[in-house]
Each structure stands twice: as structure tokens, then as C-alpha cells.
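These values consider heavy atoms only, across backbone and side chains, with no hydrogens, waters or symmetry-generated copies.
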Amino acid sequence: MNKKPIKRNIHIVKLSQDHHASLLFCWKLRQGIKRHADIGRMIKYVLYFREQHITPHFKEEEDILFTVVTDDMVQRAIDDHQKIKSLIQELENTDAKGCTNILTVIADTVDEHVRYEERILFPHLEEMISDEQLEMMGNQISDEPLKDNYEYNFWDKPTSL
């Protein structure tokens with residue numbers, strides 16, 4: 001099956017690049033689980049990624065991109081954002097023994113959410129929002145790449161704290 005890359009409007013390409021980083025985040029969590037990496041390190045990574053990537057990305061989407069179209073498709077994305085935030089909050093409040101399952105759910109939920117936005121929501125918004133509006137939105141979206149420079153590669157080698 002030959003899948004063509006999705007062509008994204010130039011003004012919201014940065015959000016798609018952020019999505020690529022989110023998919024890599026999911027891969028890292030899954031690798032860490034598979035390799036039985038230290039749970040404490042994985043939790044720290046999720047909290048780091050939330051602050052450096054998830055929170056600013058969700059803010060840009062919700063405050064800029066999702067403001068023009070208010071339909072069920074946009075609401076699903078906003079609901080997904082809330083679910084992801086809640087899962088991370090739950091991770092913070094769970095003892096280490098229950099964290100592997102939550103880490104798996106976080107990876108699966110983020111993965112599903114990104115694929116929804118890329119394959120369904122963004123094409124929908126690109127049809128609904130004028131080129132002029134997309135350009136104005138693009139001017140509000142930061143050009144700065146979101147950071148993922150976590151200090152310990154738990155997904156490469158299972159070492160304890």
C-alpha cells in the first residue's frame with residue numbers, strides 16, 4: 001500500500017511538525033515499556049514533554065487554529081486535549097506499579113489524537129478556513145520548534161536512576 005504524504009497548508013505546517021515530535025514521544029514511551037526502562041525516568045520524561053511540547057502545542061491549536069470553526073470535529077480535538085492532560089495528571093498521582101498501564105494509554109491516546117488531527121481534522125479545517133485566515137493564523141503560530149531534549153534516553157537502554 002503506497003500512501004502519499006499529506007500536503008499541509010504552509011501556514012500550519014509547524015503544527016504538523018509538532019505532531020511528528022508527538023509520534024516520536026509515543027514511540028519512546030513504547031520502547032521504554034518494552035525495554036523495562038526505569039518508570040521514574042519515564043514519568044519525568046512525560047512531565048518534561050508536557051511542559052516543553054504538549055502544553056504550548058495545545059495552546060496554539062486551541063487559541064489560534066480552533067477559533068474559527070466550532071463544530072463537532074474541532075470539539076473532538078479539544079476533548080482529546082483534555083483527556084491527554086487528565087491522563088498525565090493521573091500519571092502524576094499513581095504509584096509506580098500502576099504507571100506502566102497509564103504510560104501505554106498515554107502513548108496510544110496521543111498517537112490516535114495526532115493521526116485524527118492530521119488525517120481528518122486539519123484537511124477539514126483547511127477546507128473551511130480561508131487562505132487569508134490561515135495566513136493570519138500562521139503569523140501567530142511560533143516558528144520556534146518545540147523542545148524535546150530530555151537528558152536521559154530511557155528508550156535506548158534500561159538503566160535505573
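Using a 3.5 Å distance cut-off with no hydrogens or angles, the side chains of Ser22 and His53 do pair a donor with an acceptor. Donor-acceptor pairing under 3.5 Å is lacking for the side chains of Tyr45 and Asn153. Between the side chains of Gln89 and Ser86, no donor-acceptor pair is found at a separation under 3.5 Å. Under 3.5 Å, the side chains of Gln75 and Asp79 contain a donor-acceptor pair of N or O atoms. There is a side-chain donor-acceptor pair under 3.5 Å between Ser16 and Glu118.
Within 6.0 Å of atom CG in Asp72, 12 or fewer heavy atoms from other residues, nucleotides or ligands are found, so the atom counts as exposed in its surroundings. Within a 6.0 Å radius of CG in Asn139, more than 12 heavy atoms belonging to other residues, nucleotides or ligands are found. Under a cut-off of 6.0 angstrom, the local environment of CD1 in Ile10 is sparse, with at most 12 non-hydrogen atoms contributed by other residues, nucleotides or ligands.
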>> Glu112 vs Thr109, test: side chain to side chain donor-acceptor pair (under 3.5 Å). Steps then yes/no.
In response: CA-CA 5 Å; Glu112 182 181 312; Thr109 303; over 6 Å; no
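Look at Lys85 and Glu90 and you find no salt bridge, because none of the NZ, NE, NH1 or NH2 atoms lies under 4.0 Å from a carboxylate O. Salt-bridge formation is detected for the pair Asp148/Lys28: a Lys NZ or Arg NE/NH1/NH2 atom is positioned less than 4.0 Å from an Asp or Glu carboxylate oxygen. Using a cut-off of 4.0 Å between Lys/Arg side-chain N and Asp/Glu carboxylate O, Glu144 and Lys14 are scored as not salt-bridged.
The line from OH of Tyr150 to CH2 of Trp155 is 8.0 Å long, rounded to the nearest 0.5 Å.
Both the sub-6.0 Å distance and the 45° axial angle are satisfied by Arg76 relative to the ring of Tyr116. The side-chain tip of Arg41 points at the ring of Tyr152 from less than 6.0 angstrom away and within 45° of straight on.
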